[in-house]
Amino acid sequence: MASSAQSGGSSGGPAVPTVQRGIVKMVLSGCAIIVRGQPRGGPPPERQINLSNIRAGNLARRAAATQPDAKDTPDEPWAFPAREFLRKKLIGKEVCFTIENKTPQGREYGMIYLGKDTNGENIAESLVAEGLATRREGMRANNPEQNRLSECEEQAKAAKKGMWSEGNGSHTIRDLKYTIENPRHFVDSHHQKPVNAIIEHVRDGSVVRALLLPDYYLVTVMLSGIKCPTFRREADGSETPEPFAAEAKFFTESRLLQRDVQIILESCHNQNILGTILHPNGNITELLLKEGFARCVDWSIAVYTRGAEKLRAAERFAKERRLRIWRDYVAPTANLDQKDKQFVAKVMQVLNADAIVVKLNSGDYKTIHLSSIRPPRLEGENTQDKNKKLRPLYDIPYMFEAREFLRKKLIGKKVNVTVDYIRPASPATETVPAFSERTCATVTIGGINIAEALVSKGLATVIRYRQDDDQRSSHYDELLAAEARAIKNGKGLHSKKEVPIHRVADISGDTQKAKQFLPFLQRAGRSEAVVEYVFSGSRLKLYLPKETCLITFLLAGIECPRGARNLPGLVQEGEPFSEEATLFTKELVLQREVEVEVESMDKAGNFIGWLHIDSANLSVLLVEHALSKVHFTAERSSYYKSLLSAEEAAKQKKEKVWAHYEEQPVEEVMPVLEEKERSASYKPVFVTEITDDLHFYVQDVETGTQLEKLMENMRNDIASHPPVEGSYAPRRGEFCIAKFVDGEWYRARVEKVESPAKVHVFYIDYGNREVLPSTRLGTLPPAFSTRVLPAQATEYAFAFIQVPQDDDARTDAVDSVVRDIQNTQCLLNVEHLSSGCPHVTLQFADSKGDVGLGLVKEGLVMVEVRKEKQFQKVITEYLNAQESAKSARLNLWRYGDFRADDADEFGYSR
């Protein structure tokens, strides 16, 4: 504390008291103050000075909590006005003082002067002159100072000032209230309007004791939104300050203690008030943060009424400069370059409700997690059927809505990404799976914070952190506020309504269901769909919102490079440009809304057709970009010309799949003269079923109307006289009626009876087979027997080809035929009869292309050479096609001509 000694006159005279200086920190009463020195590297020293020769009234004192019988002591008359007189005159001012007396207990008494020397205002005389203090009883005026006090007192009496005025001074006694009965109501009643107050005590940098005016409530006020280092009370009653606790306390004391302030009451915590203290010189909350004396706290920042973003900005200011409590601070993104902290990217995929995949300007892909939010999740242990495979997107409440919100908002759009923190990789534990390193960021589009929008709709929740965990969103307070709104309005996850259920049927690979579903999709024409997953360039998984089902979809009309496959014991490498084709399709259609035209399906239950995005045909686009070739099955499509022109243009560029393309000279094949003409009498038929051994069943188009009429009459008859369930006893070889999966009755023949629950039947008008319980069978009415109309499904086999004996090869051939001709009209010509069924050639009804010849061209089957002279011309054509397939190493010929040495191994014989 600064001090200066003023010497007396001669060396032998009486000792002159030393004059010392200080700044008034606090006024204890009308006759006692605390002064402090100037701070140097920490809180300054301080001492209590009591005014000599005068006495002022005692202020009120609350009874000690440890003495239950003790009572609160009220103010003495004029005690509070005396304190206020000194408070307004001295707080924060520089004074000088002399110590005249010091008691054995250490109490110091002296004279206090306002200013830097003793020429300033004598505080004791001013108090007495205002009638706020009296000379001590029994004191004699035997020196100049005491004479002046006596004169001041007489003048005050004469003027009837202060305690010398009429009355007993009861109006100066405060009605102090130490507790509030209903703190919440008390806070709400002020409607966040500023309340005048005096700060009576500073507990630590962010907690004070305030006297609310004019009703004299003495309350503890905690600053909303922040927390300063505190003083930890030890077992022995002593206090240990946390780092910078004393400095933070002094910072607040030196600015607020016993100052006139205004407090905005914002909330309450037990008997403590949460509020913001306003001083003419500024907002102490923001100042403490900016100077590094405090940190933001989530639990109370939400009630801060003057903008939580200002507090976060002030805290950020201190962090960046590593001030005080932040001296060892390392920013979560300190190791990132500026270009990696903030960038613009295109959203390619929404992984779930809190993660997206973006494409950077460099062309690289990066997974971004939305900072500080948690997607919807299953609550409790028994919410999921153990026997049922969990599909998070559809089985977790609100996950689908959250994904759809992000998909519709972001897919294909450019967004601004601000990286908030990098969450390091964590190993797996017994309860938590392992996580790889995650980049967590705030993603905005058009100024909208996507995470905040999700939370406000109740489609995600905000993660709560430890107070010292700085790895959080840079807009964390907005997220908390959005969640509070969602809870208040009962949105999404916070709704008390019934949880939305998404019953989505996955018919991928389910042949039976796919068969039932095919006619609906074919009749629908173009159907809306969302691409859920891209397996390869031409194989996708689609969600049909109208039908609420998932299907596997193959692009028609093209041959796309096959990707790598994991087979038992080995990994089969992908064909060249398969990855590029997959990436092309992903970038173009993944999670986009598209339109599909379903034409047919393969044996595995996959649908085949055309996919359109923004009026463009994906098959054509893949061919155009030299990532696919045109498949011969496209010949009968309306898109064939577009595909051919796109392929021709791609060939000329000699890129990707056409990089080694060279035009082949056309070779002339010398025709073999036929001695006998081959009979070519094609009739229209409708192909209804393809068997696993490459036989097929057809209906005669000419008798098609008769079948339709018979079926209509039969069903009307059954509807009026339904069969009694279980009354029919099936016998092998007997004709009956059978109820198919579509709920309709058809004519059938019993082929085998395993048990009443397993009866093998053959549908005589369509060629398909099924195993049914006898309860779904009935007696065939005589009016609809095969005598009235013979069985309409006739079995045939392809002429001039050998069916592969290898299972995989045969499946490829069958799939191709199913794709091309099942449920379509063709032209049929019987070539020759054979044991079992007639062998025929089939032509597409529109292009007149030979179906069997197409299989040979694709290398899916081999030619069966026949010696009959009438077939030599067609056999030659088939053999030429086989040689072309062999040269191109297609399918069966991918490993060259295998027939010479290992035909048996491959399941063929010459």
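Atom NZ of K177 has more than 12 heavy atoms from other residues, nucleotides or ligands within 6.0 Å. Residue R306 places its CZ atom among 12 or fewer non-hydrogen atoms of other residues, nucleotides or ligands, all under 6.0 Å distant. Other residues, nucleotides and ligands contribute only 12 or fewer heavy atoms inside 6.0 Å of the CD atom of E181.
In this structure, E46 contributes its side chain and K25 its backbone to no donor-acceptor pair below 3.5 Å. The closest donor-acceptor contact from the side chain of T230 to the backbone of R232 lies at 3.5 Å or more, if one exists at all. Of the possible polar contacts, none joining the N270 side chain to the N272 backbone as a donor-acceptor pair under 3.5 Å is found. The backbone N or O of A63 sits less than 3.5 Å from a side-chain atom of D72, completing a donor-acceptor pair. The backbone N or O of V27 sits less than 3.5 Å from a side-chain atom of Q258, completing a donor-acceptor pair. The closest donor-acceptor contact from the side chain of D204 to the backbone of K249 lies at 3.5 Å or more, if one exists at all. In this structure a side-chain-to-backbone donor-acceptor pair under 3.5 Å is present from S224 to G275. H191 places no side-chain N or O within donor-acceptor distance of the main-chain N or O of K193, the cut-off being under 3.5 Å. Counting only distance, with no hydrogens or angles, the side chain of R259 and the backbone of S254 share a donor-acceptor pair below 3.5 Å.
A side-chain donor from one of E266 and T276 sits under 3.5 Å from a side-chain acceptor of the other. A donor and an acceptor atom, one from each side chain of D470 and Y329, are located under 3.5 Å apart. For the residue pair S29 / R83, no side-chain donor-acceptor distance below 3.5 Å is found, with atom types taken as modelled. Using modelled atom types and a 3.5 Å distance limit, the side chains of R107 and N50 yield a donor-acceptor pair.
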Before giving the answer on side-chain hydrogen bond (donor to acceptor under 3.5 Å, both in side chains), spell out for Q192 and T305 the whole-Å C-alpha distance, their side-chain angles and the decisive distance to 0.1 Å. CA-CA 8 Å; Q192 296 183 347; T305 55; 4.9 Å; no

Please walk me through it: do Q471 and C440 pass side-chain contact (heavy atoms from CB on, under 4.5 Å)? CA-CA 9 Å; Q471 292 201 331; C440 300; over 6 Å; no

Run the numbers on E108 and F97 for side-chain contact (heavy atoms from CB on, under 4.5 Å), then give the verdict. CA-CA 11 Å; E108 296 179 311; F97 57 92; over 6 Å; no

Kindly determine whether R174 and L59 satisfy side-chain contact (heavy atoms from CB on, under 4.5 Å), including the steps that lead there. CA-CA 9 Å; R174 297 171 296 170; L59 290 169; 3.9 Å; yes

Step by step, would you call R209 with L218 a side-chain contact (heavy atoms from CB on, under 4.5 Å)? CA-CA 7 Å; R209 195 87 169 132; L218 197 58; 4.0 Å; yes

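Closest heavy-atom contact between A210 and I199: CB-CD1, 4.0 Å. Contact record, T118 with C96: N-SG, 3.7 Å, taken as the closest heavy-atom pair. Looking at every heavy atom in both residues, P241 comes nearest to A245 through CB-CB, 4.0 Å. Across all their heavy atoms, G205 and T252 have their closest contact at O-OG1, 2.8 Å. Residues P44 and F250 share a closest heavy-atom pair of CD-CE1, 3.3 Å. The shortest non-hydrogen separation linking G131 to A156 is N-CB, 4.0 Å.
The side-chain contact (heavy atoms from CB on, under 4.5 Å) test applied to R233 returns E239, not counting sequence neighbours. Under the salt bridge (Lys or Arg N to Asp or Glu O under 4.0 Å) criterion, D298 pairs with R312, R472, not counting sequence neighbours. The side chain to side chain donor-acceptor pair (under 3.5 Å) check on N168 picks up S170, with sequence neighbours excluded.
With respect to the salt-bridge test (charged N to carboxylate O, under 4.0 angstrom), the residues R87 and D260 qualify. Classification of K89 and E121 as a salt-bridged pair holds, one side-chain N sitting under 4.0 Å from a carboxylate O.
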Name the atoms and distances for all side-chain donor-acceptor pairs under 3.5 Å in residues 481-489, with sequence neighbours left out.
unit_1 : atom_1 : unit_2 : atom_2 : d
E483   : OE1    : R464   : NH1    : 2.8
E483   : OE1    : R464   : NH2    : 2.9
E483   : OE2    : V462   : N      : 3.0
N489   : ND2    : R485   : O      : 3.2

Taking only distance into account, with no hydrogens and no angle test, what donor-acceptor pairs under 3.5 Å do side-chain atoms of residues 284-296 form with protein atoms, sequence neighbours excluded?
unit_1 : atom_1 : unit_2 : atom_2 : d
T285   : OG1    : N283   : OD1    : 3.4
E286   : OE2    : Y304   : OH     : 3.3
E291   : OE1    : R324   : NH1    : 3.2

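Two residues are said to be in side-chain contact when any heavy atoms from C-beta on lie closer than 4.5 Å; K319 and W326 meet this criterion. Using a 4.5 Å cut-off on side-chain heavy atoms (C-beta onward), L223 and I277 make contact. Between S372 and Y421, some side-chain heavy-atom pair lies under the 4.5 Å cut-off.
Between R61 atom CZ and L176 atom CG the span is 12.5 Å, to the nearest 0.5 Å. A distance of 11.5 Å separates CG in L265 from OH in Y217, rounded to the nearest 0.5 Å. To the nearest 0.5 Å, atom CZ of residue R62 and atom OG1 of residue T73 are 12.5 Å apart. Between I263 atom CD1 and H190 atom NE2 the span is 10.5 Å, to the nearest 0.5 Å.
Under the ring-ring contact (aromatic ring centres under 6.0 Å, His included) criterion, the residue pairs touching residues 47-94 are W78-H171, F80-Y216, with sequence neighbours excluded.
The side chain to side chain contact (heavy atoms under 4.5 Å, CB included) test with L127 singles out one residue from L149, L51, N122, T134, and that residue is L51.
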